[in-house]
Every structure is written in structure tokens, then in C-alpha cells.
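Have a look at the structure below before the remarks.
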Amino acid sequence: MSPEPNVTAVQKQMPYWLLVFACFVVLGSFYPFRFQGGTLSEAIQQWATTTNLSKSDLAINLLAGVPIGFLGLLSFVGNGATRKRVSGATIAALVVSVVLSTFVEVGQHYVPTRVSSRFDTIAQIVGAVLGIVVAVTSGRWICDRLQQLGSPNRVRSGDALLDVYLFGYLIFMFQPFVPAISPTELSAKWKSGGVSLVPFLEWSTNLWGAAYTAIVCTSTAIPVGAWFARRLSTWQLAPVAVVAAVAVVGLEAMQVAIEMRTCSADDALWSSAGAITGVGLLRYFWVELQTFFRLQGRVVLVRVTLLFVVLYFLASLAPFSFVTSTSVLADRWERFMAEPVGLRGNDFIAGSNLVRISLWSAVLGVLATLSVRRDQRGVLWGLILVLVAFAEFLQLFSNSHSPSLLAAAARTLGATLGCEIVKKTPLGTLGGNPTQLTQPSER
């Protein structure tokens with residue numbers, strides 16, 4: 001981090017976010033809050049001697065440690081990132097990580113459904129080190145991008161939005177950061193179907209899953225293509241499209257070396273299609289889109305939003321295997337009431353599903369907010385909350401899903417984030433001056 005005389009408003013908020021995330025880690029570690037007796041020496045002994053290794057638990061603990069290190073360093077580094085301050089902040093962030101991870105892991109001895117493990121503590125500390133490295137190398141840049149999201153300069157704000165999205169895209173592609181690089185691991189991944197080099201096979205066996213993959217990969221890569229179109233603004237269309245497509249395909253290919261991630265030709269193909277679309281939209285059609293939305297986009301956006309609401313509910317219920325008897329429905333309701341939060345252990349797959357739910361809900365929030373006038377957005381937000389809660393409740397009737405308050409919270413958070421993105425970023429200017437986002441990047 002280069003020395004800076006001032007701390008941005010975003011960085012001043014980091015201690016609060018560190019406290020919030022630390023509370024989340026504590027609550028998540030001790031859920032369902034049913035405790036048993038035991039001495040501290042017994043708890044430490046179990047923590048130190050447990051030999052069971054769960055890759056899922058290690059992955060989720062590694063991910064939990066990253067924000068602690070990142071937020072911790074930015075919280076403690078203060079005004080001016082001198083070498084002395086960075087060193088002190090690094091030590092402070094590591095101390096917070098060690099104390100927090102040891103506390104929650106030793107404390108899990110008193111929760112009957114949890115297992116105290118020193119390996120989980122180590123995973124959290126390693127994650128914190130990764131977070132510190134990110135904060136040291138890119139912390140100022142990230143804070144500046146977040147600060148510029150609300151900038152009155154729409155060019156800078158638009159670039160910052162794409163930068164933040166790309167950063168999040170890279171994190172999502174590489175999490176949980178657990179490598180699988182030995183020949184034995186790669187061979188096992190190949191045999192288990194974690195690597196699929198033949199495209200379109202799933203369309204004949206799992207039509208819904210294949211369609212879902214196509215929609216997600218294409219849509220999430222469009223902003224990546226837009227990022228390349230902005231950064232390579234002096235290049236011709238074809239070279240930019242090629243670079244963007246190769247970049248996302250390369251990211252998909254690198255998932256071969258990431259534990260618990262799949263690498264498939266379908267993902268690569270649909271991601272490259274999305275990236276190329278993003279390049280074309282921003283490079284040649286942005287002015288036309290702005291003009292179109294200024295003239296008649298409200299009606300189109302309402303229709304698109306209604307269509308997406310239908311798709312949102314379909315995604316919540318797929319593959320459409322429904323409860324057919326009242327006794328089964330009653331049993332599912334009792335299980336929900338017995339464990340409404342839905343946090344069943346430190347499951348990495350469950351965490352990934354929550355991220356996907358949040359992303360879908362964020363898209364819903366963006367579309368819905370764009371489709372109404374500013375004075376209607378308060379009522380709209382209430383309606384969105386009703387929709388996302390209803391989408392989660394409907395899963396009670398599905399044999400393939402289970403409703404949970406945690407998933408409902410993820411939906412609500414995503415939808416709220418989508419609404420705020422429109423309010424605070426250039427997306428909210430679609431009905432304004434159609435040329436204000438077409439200038440070359442200022443950096």
C-alpha cells in the first residue's frame with residue numbers, strides 16, 4: 001500500500017464491518033445455540049487432538065478468515081499506510097484472527113452438534129493471511145473503487161462499478177482457494193466428473209441444470225466483457241472480444257486446480273459468449289441502449305422484470321418435484337420449525353448456494369428498481385421483500401429444496417444490494433443523458 005495522507009470514508013467504516021463480520025463468525029460457529037457441559041481443559045484437549053479432516057469445513061473456515069484479515073488490516077492501518085503502520089496493522093489483524101478462530105473452535109466443544117478442531121483454526125488463520133495480502137497489495141485500490149461508486153462523475157463511477165464487479169468475479173471463481181494440484185487429486189477429480197471437456201452433454205440428461213448453467217455463466221460474464229471494452233477502449237472490436245473470451249475461458253480452465261470446483265466445456269463456452277456480448281454492448285450499443293431506455297425503456301423494463309420474476313420463482317422450485325401428501329408437508333414444516341435458520345454445519349456447498357441466491361436476488365432488485373420512478377422505489381422495495389420471502393416459502397412444497405431463514409436473509413440482502421446499486425451507480429441514469437457514459441476511461 002502506497003503512503004496516502006487521508007483515509008477514505010469507506011476505509012473509516014472498516015472497523016464497523018470487522019465487528020459485524022466477527023459477530024457473524026461467532027453466531028455461525030455456535031449455532032444452533034444448544035450447549036453442553038465440560039471443562040476448559042477438556043475443550044482444549046479436544047481442539048488439539050481432533051484428527052478428523054473435512055475439506056468442506058476447511059474451505060468454509062478458509063473463506064471466513066479472508067475478510068477478517070482484509071478488514072482487520074484496513075481497520076488498524078489508520079491514516080497513512082507507511083511501512084511501520086502496515087507492519088503494526090498486520091500483527092494486529094493476525095492477533096484478532098488467532099484469538100477469534102481459537103475462541104470459536106475451542107468453544108464448539110460445548111455445542112453437541114459441532115466438532116472442535118485445530119485444523120479449522122489453522123484454516124481461518126491462513127485465510128486471514130490471504131486477506132492481509134490482498135489488503136496490502138490492493139486495499140487502497142479497493143477502497144478507492146468503492147468510494148467512487150457514488151461519485152457524481154458518471155464515467156469514474158461506471159469504471160469503478162466494473163472494477164468492483166471484476167474483483168468479486170475473480171474471488172468467486174477461485175474460492176475456496178483450496179488447491180488440488182497433485183496427480184492423485186487431479187485424477188480423482190477427472191474420474192468423479194469434476195472435469196468435463198465435452199460440451200452440451202448435460203442438455204440431454206438434465207435440461208434444467210444445463211439451462212441454468214447457460215443463463216448464469218452468460219449473464220455473469222457480460223460485465224466482464226464490458227470491463228475489457230472500457231479498459232481496451234482504443235482497440236478494435238474483434239481483438240477486445242477475443243481477449244475477453246480467452247480471459248474467461250482461462251479462468252474456467254484454472255478451476256481444474258481448485259478443490260470442490262468443477263471445470264466444464266459448457267461453463268467455458270457460455271462464459272465466453274457472455275464476455276463477447278458484454279464487449280459488443282458497451283462498445284457499440286450503449287448509446288443506442290441509453291437512447292432506447294430514455295424513450296421507451298420503462299415499458300420494456302417492466303416486461304423484462306415480470307419475466308425475470310417468473311424465472312426467479314422457477315429457479316426456486318426446479319426441478320419441480322413437489323410434495324404430494326399432507327403428511328409429508330406436515331413433516332417438512334416440523335423440521336423447518338425445529339431448525340428454521342438452516343445452518344447445518346460449515347458446508348461449503350451451502351455457502352456457495354447462498355451466494356448464488358444473493359446474486360439472483362440482486363438482479364431482481366436491479367431490474368425492478370430500474371423499471372419504476374424514483375418516487376415509487378420505497379413501495380417497490382417492500383414488494384421485493386414480499387416476493388423473495390414468498391420464493392423461499394414455496395420451497396416448503398418442493399422435495400428438492402428446504403426453506404430456511406438464512407436463505408431468506410441472503411435473498412433479502414441480494415435484493416437490497418440490487419436496489420442500492422441502481423440508486424448509487426450509473427445504472428440509475430439509463431433514462432438520462434444517453435452519452436454520459438460513453439467517454440473513454442480517464443485512467
Side-chain angles (χ1 to χ4, degrees), residues 1 14-31 40-78 81 83 85-111 114-139 142 170-172 174-181 185 257-261 343 345-348 350-352 355:
M1 296 176 63
M14 292 300 175
Y16 303 104
W17 288 112
L18 175 62
L19 179 61
V20 168
F21 190 81
C23 291
F24 174 79
V25 171
V26 173
L27 293 175
S29 299
F30 293 147
Y31 179 82
L40 179 59
S41 61
E42 291 173 342
I44 295 176
Q45 183 177 10
Q46 184 192 50
W47 172 81
T49 59
T50 299
T51 57
N52 293 334
L53 276 175
S54 168
K55 289 185 176 181
S56 177
D57 281 355
L58 289 176
I60 204 70
N61 278 284
L62 181 69
L63 289 176
V66 173
I68 296 295
F70 180 82
L71 296 173
L73 185 132
L74 293 180
S75 297
F76 296 121
V77 76
R83 179 174 299 181
R85 284 184 176 272
V86 171
S87 300
T90 298
I91 295 174
L94 284 176
V95 169
V96 169
S97 173
V98 171
V99 171
L100 179 63
S101 59
T102 304
F103 168 73
V104 296
E105 284 301 322
V106 173
Q108 286 184 356
H109 170 77
Y110 303 98
V111 183
R114 296 304 183 98
V115 177
S116 176
S117 172
R118 67 188 185 279
F119 298 114
D120 291 345
T121 297
I122 294 172
Q124 283 196 36
I125 296 173
V126 172
V129 172
L130 291 176
I132 290 171
V133 171
V134 173
V136 170
T137 57
S138 308
I142 294 171
L170 292 173
I171 291 178
F172 183 77
F174 289 113
Q175 52 86 28
F177 315 113
V178 178
I181 55 178
E185 290 173 320
I258 303 297
E259 183 68 35
M260 289 179 280
R261 297 304 297 264
L343 185 61
N346 293 332
D347 193 340
F348 168 74
S352 297
V355 172

Among all residues two or more places apart in sequence or in another chain, which pass the side-chain hydrogen bond (donor to acceptor under 3.5 Å, both in side chains) test with T49? none
Roughly how far apart are E105 CD and I44 CD1, rounded to 0.5 Å? 13.5 Å
Test side chain to side chain contact (heavy atoms under 4.5 Å, CB included) applied to A89 - qualifying residues, sequence neighbours left out: L73, F76, V77
Are the side chains of L62 and L130 in touch, meaning some heavy atoms are under 4.5 Å apart? yes
Nearest-0.5 Å distance, OH of residue Y16 to CG of residue L19: 10.0 Å
Is there any ring pair (Phe, Tyr, Trp, His ring centres under 6.0 Å) pair reaching into residues 89-109, and which pairs are they, with sequence neighbours excluded? F30-F103
Quick one: closest heavy-atom pair of A128 and S97, and the distance? CB-OG, 3.2 Å
So among T102, D120, T121, which one has a side-chain hydrogen bond (donor to acceptor under 3.5 Å, both in side chains) with W47? T121
If you compare all heavy atoms of G139 against all heavy atoms of L74, which two are closest, and at what distance to 0.1 Å? CA-CD2, 4.2 Å
Residue pair V115 / Q108: nearest heavy atoms and the distance that separates them: O-OE1, 3.3 Å
Rounded distance [0.5 Å steps], CE in M14 versus CG in L18: 10.5 Å
Is the backbone N or O of V86 less than 3.5 Å from a side-chain atom of T90, with the two atoms forming a donor-acceptor pair by type? yes
Looking only at heavy atoms, what is the nearest atom pair of S116 and A43, with distance? OG-O, 4.2 Å
Side chain to side chain contact (heavy atoms under 4.5 Å, CB included) partners for F21, two or more places apart: F24, V25, P67, I68, L71
Partners of V99 by side chain to side chain contact (heavy atoms under 4.5 Å, CB included), sequence neighbours excluded? V95
Quick one: closest heavy-atom pair of I132 and G69, and the distance? CG1-O, 3.5 Å
Is the shortest side-chain heavy-atom distance between I142 and V134 below 4.5 Å? yes
Sequence-distant partners of A123, side chain to side chain contact (heavy atoms under 4.5 Å, CB included), two or more places apart: L58, N61
Report yes if the side chains of Y110 and L40 come closer than 4.5 Å at any heavy-atom pair, otherwise no. yes
Check Q124 against S101 and note the closest heavy-atom contact, atom names and distance. OE1-CB, 3.3 Å
